[in-house]
Structures are given as structure tokens and as C-alpha cells.
Amino acid sequence: MAGKLVIGNWKMNTRAQSAQALAAELLADAATNHEGVGIAAPAVYLAALAQQLKGGKLALSAQDVSCYAKDGAYTGETSAEMLADIGCVYTLVGHSERRQYFSEDNAALLAKMRNAIAAGVTPVLCVGETLAQREADEYKTVIADQLAILAEIADGEYVIAYEPVWAIGTGKVASLEQIAEIHAFIKNWCLQNVGASDKIRVLYGGSVKAENAAAILATKNVDGALVGGASLDAGSFRVICQAAG
Ligand code: 13P
């Protein structure tokens, strides 16, 4: 497997100028201008950032991709081929905010995964349980249901991100034991259902910060991090990327 991967998910933040300023800071720093680092920027800024990142090592990621593959009458959508066309290396798929606010279900997410892979964009499938599901001790069933679409994908590279919903943007980070438990569960699920789990990177996301990144990234089966809030600050993000080695 390649080294650890850290992706900064900017979510619906920045403006043209602040996005380019942040990217310039990341490009100027060897800790962040690195093969193992990516930025998932708002769709409207991707093309300009792709130009800016040319010649750098930092990878560009989209935050979402259309479930429709072919060009056509899908107002507002961005296809995987369009993302590939401007140089996106990754796209997030099924982030919990999209599952929650845009009712994305497994059928749509499977189509998104397939479209990304077919276009040569590596999808990062996000999975994770809500607090209620954890408290009801349903979290492994929920995660297995979310992973199930991977068994429908014949081949192609993808990444998985475990993001417990209750740890996103709340400052509540999962304990190292909880992270280790679910990452082992995901790796084992992959081994049983899609084979070759050692090739699939499993990132952790949910309140990853400069202060806790080293311990999280040193946890068994954690192959990187998906970072929200802390990725908007170049200083914090560089510490997290450094912790990934
Ligand atoms: P925070 O790091 O802000 O908790 O967000 C995590 C996340 O959702 C990354 O995709």
C-alpha cells in the first residue's frame, strides 16, 4: 500500500481569493505539498485550483460527483469525467453531510463510485454511524450496510473514510480504542467481501486536529485522515500532514 493519505475537506468554505491563498500556503510547504496530501475544495473553485496546483505534488479532490455518468440534462450536476478533465485525483463520495442533507442512498452512491472509477478519479467512500446508532449498539451493522456497495464493484481503486457522525465538527473525537475497533472491523469486512484489504486505505475523520493527529495516525489500521475544520488553517493542517509522515 502507498503511504498515509491526508485529505483536507474544505466543505462549503472559502472564496476564490481565500481558496487560492490557502492553496499557495500549502504549496509553499514541503509538509503539505506532498503526494500523500489532498484538498477537497468547493466545486466552483476546482478548475482554478487545478491550474494553481500544476507542477505541485498536492492532489486535488472534489467533495462530490454526479451519479449520472453521461453528459445530458442533469442541471446542477458535475460528472466524474468533468472532474477528471480538470485534473481531480480524488472525489469524496457519500459524506455524512450529503447522506443527511441530500438523502444520498446506497444506489446513488454505488453509481457515483462506479462513475468516478471509470473516469480515473479515485473515490473516497465515507461511512460512519450517528450517535443514536452507536448508543443503540447498531454501529457495526450500519457501517457494514454502508460498505455493502463495495461488493458490487468489480475492480478499481478506492479509499474508505470512517467518520463517526457524532465526531464531525463537534470537537468530540472518537477514542483511540473506538477508532482501532472500527478500522479493524472495516479491514476485516473488506478482506471477507472484496478481498485484498491491504490495498485499501482506511482514513479516520472527525475532529482531527493538530493536537490529536499524531496519536490517531499512529493507531493500528489508520491509513490517513480526512480533516474538516482544521484543514482551513494551513498551520494546523501542516502539523496533521507531518504527523502522517
Ligand atoms: P471536522 O474535522 O471539522 O470534524 O470534519 C470532519 C469531516 O467531516 C471531514 O470530512
Side-chain angles (χ1 to χ4, degrees), residues 4-14 18-19 22 26 32 36-43 45-46 49 58-65 83 88-104 109 112-113 116 121-131 133-134 139 142-143 146-147 158-176 178-179 182-183 186 201-217 219 222-244:
K4 291 196 198 282
L5 174 65
V6 178
I7 297 179
N9 177 8
W10 293 0
K11 306 193 179 182
M12 197 171 80
N13 292 293
T14 69
S18 56
L22 181 49
L26 301 178
T32 45
V37 179
I39 47 175
Y45 302 133
L46 288 174
L49 287 167
L58 190 55
L60 189 61
S61 174
Q63 297 177 6
D64 186 32
V65 61
L83 296 180
C88 276
V89 177
Y90 299 100
T91 181
L92 306 185
V93 170
H95 190 282
S96 63
E97 288 148 17
R98 298 218 50 95
R99 293 177 191 262
Q100 183 184 348
Y101 303 131
F102 304 95
S103 308
E104 293 191 346
L109 297 179
K112 290 180 180 209
M113 295 290 291
V121 177
T122 302
V124 180
L125 179 69
C126 304
V127 300
E129 80 286 0
T130 63
L131 186 59
Q133 290 162 338
R134 176 158 282 270
Y139 56 104
V142 169
I143 293 165
Q146 294 169 336
L147 292 171
Y158 50 79
V159 175
I160 297 168
Y162 170 54
E163 298 203 299
V165 177
W166 48 273
I168 295 176
T170 57
K172 263 190 221 156
V173 66
S175 71
L176 299 180
Q178 288 171 323
I179 295 172
I182 296 302
H183 280 244
I186 292 173
R201 288 191 281 199
V202 183
L203 317 183
Y204 171 78
S207 296
V208 176
K209 306 267 178 262
E211 302 76 45
N212 59 22
I216 291 170
L217 286 159
T219 300
V222 174
D223 305 312
L226 186 53
V227 184
S231 72
L232 293 168
D233 176 70
S236 300
F237 192 56
R238 91 177 299 279
V239 175
I240 296 167
C241 293
Q242 258 180 334

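Order of listing sets the numbers, starting from 1, for every ligand and every atom in it.
Using a 4.0 Å cutoff on heavy atoms, Gly169 counts as a contact of ligand 1. For the ligand labelled ligand 1, residue Lys11 lies inside the 4.0 Å heavy-atom shell. Residue contacts with ligand 1: Ala167 is included, with a non-hydrogen atom under 4.0 Å away.
For the pair Thr32 and Cys241, the tightest heavy-atom approach, listed with the atom from each and the gap, is CG2-SG, 3.9 Å.
Atoms of ligand 1 lying under 4.0 Å from any heavy atom of Leu226, numbered from 1 in the order shown and given with element: 9 (C), 10 (O). Listed by atom number, the atoms of ligand 1 under 4.0 Å from Ser207 heavy atoms are 1 (P), 2 (O), 4 (O). Within the listing of ligand 1, atoms 6 (C), 7 (C), 8 (O), 9 (C), 10 (O) sit less than 4.0 angstrom from a heavy atom of Glu163. Shown in contact with Asn9 at under 4.0 Å from a heavy atom are these atoms of ligand 1, numbered in order with element: 9 (C), 10 (O). Heavy-atom contacts of Gly229 reach the following atoms of ligand 1: 1 (P), 2 (O), 3 (O) (cutoff under 4.0 Å).
The closest side-chain heavy-atom distance from Pro42 to Gln63 is below 4.5 Å. With contacts defined as side-chain heavy-atom distances shorter than 4.5 Å, the pair Gln242/Val6 does not qualify. Within the 4.5 Å cutoff, the side chain of Ile168 has heavy atoms near those of the Glu97 side chain.
Put simply, the residue from Val124, Thr122, Val65 that forms a side-chain contact (heavy atoms from CB on, under 4.5 Å) with Thr91 is Val65.
A perpendicular orientation is assigned to the rings of Tyr162 and His183, their planes being inclined by more than 60° (bins at 30° and 60°).
Residues passing the side chain to side chain donor-acceptor pair (under 3.5 Å) test with Tyr139, sequence neighbours excluded: Glu181. A search for salt bridge (charged side-chain N to carboxylate O under 4.0 Å, His left out) contacts involving Arg134 returns Glu129, not counting sequence neighbours.
Contacts of Ile168 with ligand 1, taken as heavy-atom pairs under 4.0 Å, involve both backbone and side chain. By the criterion of a heavy-atom distance under 4.0 Å, neither the backbone nor the side chain of Ala230 is placed next to ligand 1.
At a 3.5 angstrom cut-off on N or O pairs, Gly228 counts as close to ligand 1.
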